[in-house]
Amino acid sequence: MCHGLCDPPPCHLRLLRPYGASHLHDLVRRAAERDVDTLALTDRGTVTGAVRFAKAATEAGVRPVCGVDVAVEPAAP
């Protein structure tokens, strides 16, 4: 988080597959049309979308930020 240090604050994408209604390239294109300079995408449990997202964002002139939401369980005794 920027905690008030980013101007404007970055936009964060969170697509829940298979529930997302938009395609990644369409979302990146729309962000670029709105002069969003940085866009973040968080995958859940994997980073399979990171390469496609980074390529699409870079081609559109948007700085990609990739993340992953990982569930961590305690080790078995």
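Note that the coordinates shown come from a computational prediction; the quantities given were computed from them, not determined experimentally.
For Thr58, the side chain to side chain contact (heavy atoms under 4.5 Å, CB included) partners are Pro64, not counting sequence neighbours. Residues meeting the side chain to side chain contact (heavy atoms under 4.5 Å, CB included) test with Val65, sequence neighbours left out: Thr38, Ala40. The side chain to side chain donor-acceptor pair (under 3.5 Å) search around Arg30 returns none, not counting sequence neighbours. Partners of Glu33 under the side chain to side chain donor-acceptor pair (under 3.5 Å) rule, at least two apart in sequence or in another chain, are Arg29.
You'll find the side chain of Leu41 stays beyond 4.5 Å of the side chain of Leu27, heavy atoms only. Contact of the Asp37 side chain with the Arg63 side chain is not registered, since no non-hydrogen atoms from C-beta on lie closer than 4.5 Å.
Applying the 4.5 Å side-chain rule to ILVMFWY residues, one finds Val47, Val68, Val72 in the same cluster as Val70.
Heavy atoms only, all atoms of each residue included: Ala57 and Val28 are closest at CA-CG1, 3.5 Å.
Taken to the nearest 0.5 Å, the CG atom of Leu24 stands 8.5 Å off from the CG atom of Leu39.
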